[in-house]
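The structure appears below as structure tokens.
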Number of protein chains: 2
Amino acid sequence: MDATGGGTATRIREAAIARFGRDGFDAGLRAIAADAGVTAGLVVHHFGSKDGLRRACDARVLRLIREEKAKTLTSGTSEMLLTQLAEVERFAPLVLYLLRSLQAGGELAAELIVQLTTDAEKYLTAGEAAGVILPSRDRAARARYLAYQSAGGMLLWFTLHGVGAPGTFRTAFRQYVDEVTQPALELFAQGLLVDRTMLDDFLMQVPDPPEDGSPSAS
Amino acid sequence: MDATGGGTATRIREAAIARFGRDGFDAGLRAIAADAGVTAGLVVHHFGSKDGLRRACDARVLRLIREEKAKTLTSGTSEMLLTQLAEVERFAPLVLYLLRSLQAGGELAAELIVQLTTDAEKYLTAGEAAGVILPSRDRAARARYLAYQSAGGMLLWFTLHGVGAPGTFRTAFRQYVDEVTQPALELFAQGLLVDRTMLDDFLMQVPDPPEDGSPSAS
DNA sequence: AGCTACGTTAAACAGCCGTTCAACGGAAGG
DNA sequence: CCTTCCGTTGAACGGCTGTTTAACGTAGCT
């Protein structure tokens with residue numbers, strides 16, 4: 001029932017994820033139904049409404065993310081990242097769906113950013129403990145900043161480069177990584193400014209550094 | 001003819017910019033027409049089609065940007081930035097329209113990113129010449145990276161915080177700046193990593209540094 | 001005055017949308 | 001065998017979309 005090959009409802013949901021990822025959430029029910037080889041009426045019969053279908057897709061994608069993340073955590077640590085990057089096209093429909101979600105906003109997008117922020121904060125903590133990452137005055141704010149910037153930059157890049165057509169994803173993703181890696185590493189390794197005067201000036205204006213683990217914003 | 005108070009077509013265009021900014025480009029012609037106090041037929045009579053109206057809005061917004069940018073360049077340099085930030089709500093409809101353009105893609109969005117990238121590169125060049133910014137191995141790539149990250153991060157933040165309702169803009173913008181400034185300054189001033197091993201490892205794998213002024217990507 | 005041109009409206013049109021309904025087919029259970 | 005249920009279909013409905021068309025009024029020109 002839960003296997004990949006399974007029932008008609010599963011096939012419809014999978015087709016919806018792919019179609020939503022390609023065309024955005026304005027895609028029609030009839031197009032999705034045609035992709036799944038069924039009729040529009042059957043879709044709403046199984047999922048109640050288009051919004052129900054959307055929520056089912058969101059739940060499915062969120063579940064896949066959690067499963068894949070758990071799989072990554074239990075298995076390798078560093079080299080796994082490269083192999084996962086290599087088989088990124090296997091996750092192309094999922095990533096496209098996620099990008100559309102970020103583009104449209106909504107609960108799944110918010111949850112994704114929360115997860116990205118949480119993960120980033122973990123990595124920052126581990127990196128500081130290992131002595132490879134400089135500590136921040138507000139680790140939570142830094143994690144949130146990094147999550148928004150990286151996800152938003154990728155979203156904007158894919159939006160402007162008109163991603164969506166099948167088969168384009170792997171090439172586009174590779175190009176994006178190629179364009180971004182060096183400037184990002186440069187910025188992370190040496191910063192941008194030669195001294196700290198701008199930062200210190202700002203810190204003089206904002207006199208309260210956060211002290212304990214309380215979050216710095218909602 | 002070009003003044004703000006002017007003709008009906010101008011009023012329709014202005015209403016369209018505001019409505020597109022609030023509701024996105026899926027907003028109906030009748031809603032725009034009602035905002036302008038006219039009928040839907042008149043809109044298409046003046047602009048040919050909805051796409052014509054959209055193009056007119058794009059052109060108008062682009063013209064406003066160029067005018068405002070020229071005004072900023074000819075007048076003050078640094079303190080002007082703060083006063084301009086203070087009266088940001090005067091440009092709220094324009095910025096909302098721009099965010100919707102970035103969200104949807106298209107020519108205006110691409111042009112905007114090009115302008116941001118070009119400006120960033122100028123600032124980087126000036127900063128390097130003044131000795132306050134560390135030079136990059138690929139200044140164009142760095143400028144493009146910064147443009148995508150900053151614009152994309154802001155776009156994503158506003159998308160997830162459901163901006164669009166009138167009057168919300170100033171508060172939301174202020175909150176975004178407050179959240180982003182410190183982590184960004186920290187990152188720009190000190191970077192993220194304690195040493196350059198990751199950067200050097202990457203530079204070893206990619207043996208060709210760009211040499212002259214030729215762009216590093218299309 | 002008559003004519004023309006233009007801004008403007010209201011109504012109608014075709015098309016797509018999500019959703020509803022009645023009916024059909026086949027399999028399962030009594 | 002008959003019945004009951006469930007997956008599935010095709011057609012229909014109301015509503016919204018962008019666009020077209022005919023008509024109306026008015027201003028300006030001859």
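Computed from a predicted structure; not experimentally measured. Order of the sequence lines sets the chain letters (A, B, ...), proteins ahead of strands, with each chain counted from 1.
For B:F20, the ring pair (Phe, Tyr, Trp, His ring centres under 6.0 Å) partners two or more places apart in sequence, or in a different chain, are B:F25. By the side chain to side chain contact (heavy atoms under 4.5 Å, CB included) test, B:L112 is found to be paired with B:L98, B:L116, residues two or more places apart in sequence or in another chain being considered. The side chain to side chain donor-acceptor pair (under 3.5 Å) test applied to B:T39 returns no partner, not counting sequence neighbours.
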Going 5' to 3' through nucleotides 9-17 of chain C and flagging B where a protein heavy-atom sits under 4.0 Å of the base, S where only the sugar-phosphate is that close, and - otherwise, we get B--B----B
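Remark: the backbone N or O of A:G41 is not paired with any side-chain donor or acceptor of A:H45 at under 3.5 angstrom.
Here the P atom of nucleotide C:dG18 and the CZ atom of A:R54 are 13 Å apart, to the nearest Å.
Between B:R100 and B:L108 the shortest side-chain heavy-atom distance does not fall below 4.5 Å.
With ring centers used as reference points, B:Y148 lies 6.0 Å or more from A:F158.
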Determine, step by step, whether A:I32 and A:L53 satisfy the side chain to side chain contact (heavy atoms under 4.5 Å, CB included) criterion, reporting the C-alpha distance in whole Å, the side-chain angles of both residues, the deciding distance to 0.1 Å, and the verdict.
CA-CA 10 Å; A:I32 297 173; A:L53 174 63; 4.1 Å; yes
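Within the structure, the side-chain hydrogen bond (donor to acceptor under 3.5 Å, both in side chains) test picks out the following pairs touching residues 15-32 of chain B (sequence neighbours left out): B:R19-B:D23, B:R19-B:D35.
Scanning DNA chain D 5' to 3' for nucleotides with an atom closer than 4.0 angstrom to a non-hydrogen atom of chain B gives a first and last hit of D:dT17 to D:dT20.
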